[in-house]
Amino acid sequence: MQFLQILSRKPGSLEVLFQIPFCQKQFPYTCLSTSACVYSKKKKGNGYEQVDQEKYKNLVHSVTSYKTSAQTPETILEEDNLLYGPPAKHTPPVKAGTKTPKNWFPLINPSKRIIPASSDSNIPMKIGLRRMKMPSVTRILQQTLSPQQIFYLERWKQKMIEELGKEGFEEYTKNLFLQGELFHSALESIFLLEETAARDQGRDDVVAGYLSSVEHVLEDISEVKALESGVHHETLQYLGLVDCVAKYRNQLCVIDWKTSEKPKPFLQNTYDNPLQVAAYIGAINHDANYDFQVRCGLIVVAYKDGSPAHPHFMDPDLCSHYWNKWLLRLEEYMDKN
């Protein structure tokens, strides 16, 4: 133990320890160096070796071959189809909260008898609007406007009053109603084969542009069955005044003539007019005064400057859609009153 004691008193290189005489053989110098211990480790496998190179070849090439992406929606779709297969087709879920009428009523009257056309059927019907204790279609729609509709209507009104003044705005709305009445009167004269008188009337006055606007629509209208005629729904208890019932491109329609200063190229631009048309269709089909039924509608928007009018045709499916919306508005009105 003497050599260990000497080592502890005189620290020095470990190399001295192994050079003392009792050691017959020197140990390798590196065997006592802890920093030089080498552990045997198993070489990790390369994960990319397991990849199907053929399957991903095109994808890798597209990523590595361009400094900027050359992907397009079409190429991305092709790659997705290659990797994951075509997308599964599914029907989107029905929108939650869709309202349905509490007491649904059919648009078409299944029990109504259709009387064969008589010899004088070419004369359009014109039934006076009976003043009964029933609300009109216009009144029901006005009193069941949504908060959003009321907001935009009031904002438009305030803007017009700022531009024209209160008296000017009243004069403006009065003229709009007058132009509408004159336009409907001129159309009625045309349909009653008083075309010459109607065009002479409209040549120099305010309706000339409107008549010019609807010329291309009038070419597709035939077999007029009713003009400015009153209707009432005997079961649902409401009434209204229908502008026209005639064939449009061989489809019998309730036709509503509208005037506008702004273009309305789409049906949604006409706001509640489709509900009004659907309400009139339902009333005609359940009114004993009319010996026919209607399944289609037409809204014609005419322009004062003579621009071609926009005709918006409503097929039976679309009429049924707006009929359900009308029933909801009718129920809302009845609940309020």
Side-chain angles (χ1 to χ4, degrees), residues 95 98-99 107 136-161 163-164 169 172-173 175-184 186-187 206-207 209-221 240-246 248-249 251 253-282 294-330 332:
K95 196 173 182 180
T98 303
K99 291 185 177 180
L107 177 63
S136 68
V137 172
T138 303
R139 179 182 179 85
I140 293 168
L141 291 175
Q142 286 177 344
Q143 294 198 9
T144 56
L145 292 172
S146 68
Q148 185 181 29
Q149 288 175 311
I150 295 173
F151 169 78
Y152 285 115
L153 187 62
E154 187 62 27
R155 189 175 70 171
W156 171 80
K157 180 180 177 181
Q158 292 302 323
K159 182 180 178 182
M160 295 299 292
I161 290 176
E163 293 179 1
L164 305 175
F169 177 71
Y172 170 78
T173 54
N175 288 335
L176 283 182
F177 284 118
L178 178 61
Q179 290 174 21
E181 290 179 359
L182 291 174
F183 176 51
H184 282 75
L187 287 172
V206 292
V207 300
Y210 294 126
L211 292 177
S212 176
S213 180
V214 299
E215 278 186 353
H216 70 288
V217 180
L218 297 179
E219 294 174 358
D220 293 322
I221 293 178
L241 188 67
V242 176
D243 288 349
C244 179
V245 179
Y248 173 73
R249 297 179 179 176
Q251 296 286 338
C253 301
V254 164
I255 303 175
D256 203 23
W257 305 98
K258 299 295 182 184
T259 60
S260 176
E261 295 181 347
K262 294 181 179 181
K264 294 184 178 180
F266 304 106
L267 185 62
Q268 57 264 35
N269 300 140
T270 62
Y271 306 108
D272 283 340
N273 294 151
L275 279 72
Q276 185 179 22
V277 169
Y280 289 155
I281 292 174
V294 185
R295 289 175 169 79
C296 301
L298 180 69
I299 299 171
V300 183
V301 184
Y303 304 108
K304 188 176 181 178
D305 63 0
S307 301
H310 284 114
H312 301 295
F313 177 72
M314 297 167 57
D315 62 22
D317 289 339
L318 203 53
C319 288
S320 296
H321 170 75
Y322 283 107
W323 171 250
N324 289 333
K325 286 181 173 290
W326 160 251
L327 291 178
L328 288 172
R329 297 283 285 272
L330 180 61
E332 183 182 346

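A donor-acceptor contact shorter than 3.5 Å is absent between the side chain of Ser136 and the backbone of Gly240. A donor-acceptor pair under 3.5 Å links the side-chain atoms of Gln149 to the main chain of Ser146, judged by distance alone. With hydrogens and angles ignored, the 3.5 Å screen pairs no side-chain donor or acceptor of His312 with any backbone N or O of Val300.
Listed by chain and residue number, Phe183 satisfy the ring pair (Phe, Tyr, Trp, His ring centres under 6.0 Å) test with Tyr210 (two or more places apart in sequence, or in another chain). Under the ring pair (Phe, Tyr, Trp, His ring centres under 6.0 Å) criterion, Tyr303 pairs with His310, not counting sequence neighbours. For the side-chain hydrogen bond (donor to acceptor under 3.5 Å, both in side chains) test, no residue two or more places apart in sequence or in another chain qualifies with Tyr271. Scanning for salt bridge (Lys or Arg N to Asp or Glu O under 4.0 Å) contacts around Lys304 gives an empty result, with sequence neighbours left out.
Asp256 places none of its side-chain heavy atoms less than 4.5 Å from the side chain of Leu298. Contact of the Val245 side chain with the Ile255 side chain is not registered, since no non-hydrogen atoms from C-beta on lie closer than 4.5 Å.
Residue pairs meeting the side chain to side chain donor-acceptor pair (under 3.5 Å) criterion with at least one partner in residues 318-329, sequence neighbours excluded, are Trp104-Asn324, Thr144-Arg329, Asp272-Arg329.
Of all non-hydrogen atoms in Gln142 and Leu145, the two that sit nearest each other are O-CG, 3.5 Å. When all heavy atoms of Lys258 and Asn273 are compared, the pair lying nearest together is CE-ND2, 3.4 Å. A pairwise comparison of heavy atoms in Met314 and Cys319 identifies O-SG, 3.5 Å as the closest pair. For Val294 against Cys296, the heavy-atom pair with the smallest separation is CG1-O, 3.3 Å. The two residues Cys253 and Tyr248 have their closest heavy-atom pair at SG-CB, 4.1 Å. Of all heavy-atom pairs between Trp257 and Asp243, the closest is N-OD2, 3.0 Å.
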How far apart are the C-alpha atoms of Ile299 and Leu267, what are their side-chain angles, what is the distance that settles it, and do they pass the side-chain contact (heavy atoms from CB on, under 4.5 Å) test? CA-CA 8 Å; Ile299 299 171; Leu267 185 62; 4.0 Å; yes
Using the rule given for side-chain contact (heavy atoms from CB on, under 4.5 Å), can you reason through Val277 versus Tyr280, listing the C-alpha separation, both sets of side-chain angles and the distance that settles it, and then say yes or no? CA-CA 5 Å; Val277 169; Tyr280 289 155; 5.5 Å; no
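With rounding to the nearest 0.5 angstrom, the OG1 atom of Thr259 is 7.0 Å from the CD atom of Gln179. Atom CD of Glu261 sits about 10.0 Å away from atom CG of Asp305, to the nearest 0.5 Å. Leu187 contributes atom CG, which lies 6.5 Å from atom CG of Leu218 (distance to the nearest 0.5 angstrom). Rounding to the nearest 0.5 Å gives a distance of 11.0 Å between CD of Glu332 and CD1 of Ile140. One distance of note links CZ of Phe169 with CG of Leu164; it measures 8.0 Å at 0.5 Å rounding.
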Pairs of donor and acceptor atoms involving the side chains of residues 150-159, under 3.5 Å and at least two apart or interchain, shall be tabulated with distances.
{"unit_1": "Glu154", "atom_1": "OE2", "unit_2": "Gln158", "atom_2": "NE2", "d": "2.9"}

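Around CD of Gln148, the count of heavy atoms belonging to other residues, nucleotides or ligands within 6.0 Å does not exceed 12.
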